[in-house]
*Asks:* 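Attaching a single structure in structure tokens format; questions to follow.
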Amino acid sequence: MTTSLPDFSGITEMAGDPASGEQIERMYARYHWAASHARGADVLEVACGSGQGLGYLARTAKRVVGADVTQSLVDAAVRHYGNRLEIRCFNAEEIPYPDASFDVILIFEAIYYVRDVQRFLREARRVLRPGGTLLIATANKDLFDFTPSPHSVAYYGVVELRDMLGANGFDVRFFGNTPITQVSGWQRVLRPVKLFVTRSGLMPKSKRMKAVLKRIVFGAIHPLPAEVLPDHPPCAAPTALAGDVPDRGHKVLFVEATRRP
């Protein structure tokens, strides 16, 4: 049965929204990583928001489909891309494509919003071809100063993702992005403060207040681009991680889950 669709327009960062340099770099890093899997492939990105990475993937993929659960975000993506790409509104837990339709599925910075993650994983496996790949980028919940989104359902670290994906027919590899050791000294100083603010329930919830916090923590703020472009400098390759212990050294986890036959 189809359920009512949630509205994430109030928390999804759109083109032109204020963003830190680190945030923009992370966006480029995850799509550069995804592009290495997308060459010549049929690609579906669920929870694509306003679709900043779709055009970049389409430069080398055979076919790219973008999808989001919020119609206003889909409309924003359609306004930007026009008829360049297929962009649809649907729930990641109910993917409206036949079995074995895609080679690659992406869900970036969104799996923690999925209400029934097991159902999503079953759907992803169903619409992937044997040997196809589910790519996940997600905030690392195992950092001591981790701050969850107030709208999230659940976060999953390395161990939880290994177990869930393995149980749903995937072989899994993990990578880390944005090493803690490489963030600014000011950020490292503020980590205990961030932990206190999070545990005290004082962390801002609106995009406007988060923008103010970004200026305090990161300094210079830039408008978020509408599309990932190929002229960006090469991004550092993500670091391979062990799959049996929580990772404490990176802000973001990259997960490469290959569908077993």
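All of these numbers come straight from a predicted model, not from anything done at the bench.
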*Asks:* Name the residue from Leu54, Leu106, Val104 that meets the side-chain contact (heavy atoms from CB on, under 4.5 Å) definition with Val64.
*Replies:*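 Going through the options one by one, the only one that passes is Leu54.
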*Asks:* Using every non-hydrogen atom in the two residues, find where Gly166 and Val172 come nearest and quote the distance to one decimal.
*Replies:*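 Closest heavy-atom pair between Gly166 and Val172: N-CG2, 4.5 Å.
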*Asks:* CG of Asp163 to CG of Asn168: how many Å apart, nearest 0.5 Å?
*Replies:*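 Answer for the CG-CG pair, Asp163 versus Asn168, is 11.0 Å.
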*Asks:* Taking all heavy atoms of Val74 and all of Arg88, pick out the closest pair and write down the distance.
*Replies:*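 Distance-wise, the nearest heavy atoms are CG2-O, 3.5 Å.
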*Asks:* Backbone N or O of Ala137 within a donor-acceptor pair of the Arg30 side chain at under 3.5 Å?
*Replies:*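 No; judged by distance alone, with no hydrogens or angles, the pair does not exist.
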*Asks:* Ile105 versus Ile107: any side-chain heavy-atom pair under 4.5 Å?
*Replies:*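 In short, these two side chains do not touch, never coming nearer than 4.5 Å.
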*Asks:* Quick one: closest heavy-atom pair of Ala38 and Val43, and the distance?
*Replies:*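 Taking every non-hydrogen atom into account, CB-CG2, 3.7 Å.
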*Asks:* Could you check whether any side-chain heavy atom of Val153 comes within less than 4.5 Å of a side-chain heavy atom of Val114, counting everything from C-beta outward?
*Replies:*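 No, too far: nothing below the 4.5 Å cut-off.
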*Asks:* Considering all heavy atoms of both residues, which atom of Val127 and which atom of Pro98 are nearest to each other, and what is their separation?
*Replies:*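 Closest approach of Val127 to Pro98: CG1-O, 3.7 Å.
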*Asks:* Is there a side-chain contact (heavy atoms from CB on, under 4.5 Å) between Arg125 and Arg260 once you walk through the steps?
*Replies:* CA-CA 9 Å; Arg125 189 180 192 282; Arg260 300 184 196 125; 4.2 Å; yes
*Asks:* Identify the two heavy atoms, one from Leu73 and one from Ser9, that lie closest to each other, and give their separation to 0.1 Å.
*Replies:*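 Answer, listing the atom of Leu73 first, then Ser9: CD2-CA, 4.3 Å.
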*Asks:* Looking at Val252, is its backbone amide N or carbonyl O close enough to the side chain of Asn177 to form a donor-acceptor pair, meaning the two atoms are under 3.5 Å apart?
*Replies:*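 Side chain of Asn177 to backbone of Val252: no pair is present.
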*Asks:* Just jot down the side-chain contact (heavy atoms from CB on, under 4.5 Å) partners of Arg162, sequence neighbours excluded, or say none.
*Replies:*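 Result, side-chain contact (heavy atoms from CB on, under 4.5 Å) vs Arg162: Val159, Phe174, Asp244.
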*Asks:* How far does CD of Glu123 sit from CG of Asp99, to the nearest 0.5 angstrom?
*Replies:*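 So the CD of Glu123 and the CG of Asp99 are separated by 9.0 Å.
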*Asks:* Out of Arg119, Arg122, Arg126, which residue meets the salt bridge (Lys or Arg N to Asp or Glu O under 4.0 Å) rule with Glu94?
*Replies:*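 So the option named by the test is Arg119.
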*Asks:* Under a 4.5 Å side-chain heavy-atom rule over Ile, Leu, Val, Met, Phe, Trp and Tyr, are Tyr28 and Leu135 clustered together?
*Replies:*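 They do share one cluster, since a chain of ILVMFWY contacts under 4.5 Å joins Tyr28 to Leu135.
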*Asks:* Between His80 and Gln52, is any side-chain donor less than 3.5 angstrom from a side-chain acceptor?
*Replies:*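 His80 vs Gln52: no donor-acceptor pair found between side chains.
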*Asks:* Enter the distance from Gln182:CD to Lys251:NZ here, rounded to the nearest 0.5 Å.
*Replies:*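 Rounded to the nearest 0.5 Å, the CD-NZ separation comes to 11.5 Å.
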*Asks:* To the nearest 0.5 Å, what is the distance between CG (Leu161) and CD1 (Ile111)?
*Replies:*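 Reported value, rounded in 0.5 Å steps: 6.0 Å.
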*Asks:* Let's go through Leu44 and Ile95 carefully: what are the C-alpha distance in whole Å and the side-chain angles of both, what is the deciding distance for side-chain contact (heavy atoms from CB on, under 4.5 Å) to 0.1 Å, and is it a yes or a no?
*Replies:* CA-CA 10 Å; Leu44 168 65; Ile95 301 175; 4.0 Å; yes
*Asks:* Would you check if there is a donor-acceptor pair between the side chains of Glu227 and Tyr31 at a distance under 3.5 Å?
*Replies:*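 Absent: no donor and acceptor within the cut-off.
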*Asks:* Once you round to the nearest 0.5 Å, how far does CD of Glu93 lie from CG of Leu121?
*Replies:*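 If I round to the nearest 0.5 Å, the distance is 10.5 Å.
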*Asks:* Would Val69 and Phe108 show up in the same hydrophobic cluster when neighbours are defined by side-chain heavy atoms closer than 4.5 Å?
*Replies:*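 Per the 4.5 Å side-chain linkage, Val69 and Phe108 are not co-clustered.
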*Asks:* In this structure, would Leu241 and Phe170 fall into the same cluster of hydrophobic residues linked by side-chain contacts under 4.5 Å?
*Replies:*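 Both belong to a single hydrophobic cluster.
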*Asks:* Using every non-hydrogen atom in the two residues, find where Ala61 and Ala41 come nearest and quote the distance to one decimal.
*Replies:*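 Closest approach of Ala61 to Ala41: CB-O, 3.5 Å.
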*Asks:* Is the shortest side-chain heavy-atom distance between His232 and Glu25 below 4.5 Å?
*Replies:*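 Result yes, sub-4.5 Å side-chain heavy-atom pair found.
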*Asks:* Whether Arg129 and Asp103 form a salt bridge (side-chain N of Lys/Arg under 4.0 Å from carboxylate O of Asp/Glu) is what I want to check.
*Replies:*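 Salt bridge: yes.
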*Asks:* Would Tyr56 and His32 count as a close aromatic pair, with their ring centres under 6.0 Å?
*Replies:*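 Distance test on ring centres: under 6.0 Å, yes.
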*Asks:* Is there a side-chain contact between Asp142 and Asp247, using heavy atoms and a 4.5 Å cut-off?
*Replies:*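 Side-chain contact under 4.5 Å: no.
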*Asks:* Taking Gly51's backbone N and O only, do any of them form a donor-acceptor pair with Glu45's side chain (distance below 3.5 Å, no angle check)?
*Replies:*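 Side chain of Glu45 to backbone of Gly51: no pair is present.
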*Asks:* Side-chain contact test, heavy atoms from C-beta onward, threshold under 4.5 Å: evaluate it for Arg173 versus Thr258 and give yes or no.
*Replies:*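 Arg173 does not reach Thr258 side chain to side chain.
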*Asks:* Got Asn140 and Phe146 here, is their nearest side-chain heavy-atom distance under 4.5 Å?
*Replies:*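 Asn140 vs Phe146: side chains apart.
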*Asks:* Evaluate the ring planes of Tyr112 and Tyr155, with Trp represented by its six-membered ring, and classify them as parallel (under 30°), tilted (30 to 60°) or perpendicular (over 60°).
*Replies:*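 Ring orientation of Tyr112 relative to Tyr155: parallel.
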*Asks:* Give a yes or no answer on whether the side chain of Ser149 reaches the backbone of His151 with a donor-acceptor pair at less than 3.5 Å.
*Replies:*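 Yes; at least one donor-acceptor contact below 3.5 Å.
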*Asks:* Measure the CG-SG distance between Leu85 and Cys48 for me, rounded to the nearest 0.5 Å.
*Replies:*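 One gets 9.5 Å once the value is rounded to the nearest 0.5 Å.
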*Asks:* Would you say Met27 and Pro225 make side-chain contact, with heavy atoms under 4.5 Å?
*Replies:*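 A side-chain contact under 4.5 Å exists here.
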*Asks:* Are any of the side-chain heavy atoms of Leu143 and Ile180 separated by less than 4.5 Å?
*Replies:*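 Yes; the side chains approach each other to less than 4.5 Å.
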*Asks:* Could Glu22 and Arg26 be called an ion pair, given the rule that one side-chain N must be under 4.0 Å from one carboxylate O?
*Replies:*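 Yes, Glu22 and Arg26 are salt-bridged.
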*Asks:* Same cluster or not: are Trp33 and Val158 linked, directly or through other Ile, Leu, Val, Met, Phe, Trp or Tyr residues, by side-chain heavy atoms under 4.5 angstrom apart?
*Replies:*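 In one cluster: no.
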*Asks:* Any link between Phe102 and Phe120 through a network of hydrophobic side chains (Ile, Leu, Val, Met, Phe, Trp, Tyr) touching at under 4.5 Å?
*Replies:*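 In one cluster: yes.
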*Asks:* Mind checking whether Tyr113 and Phe8 have parallel, tilted or perpendicular rings, split at 30° and 60°?
*Replies:*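 Answer is tilted, since the angle falls between 30° and 60°.
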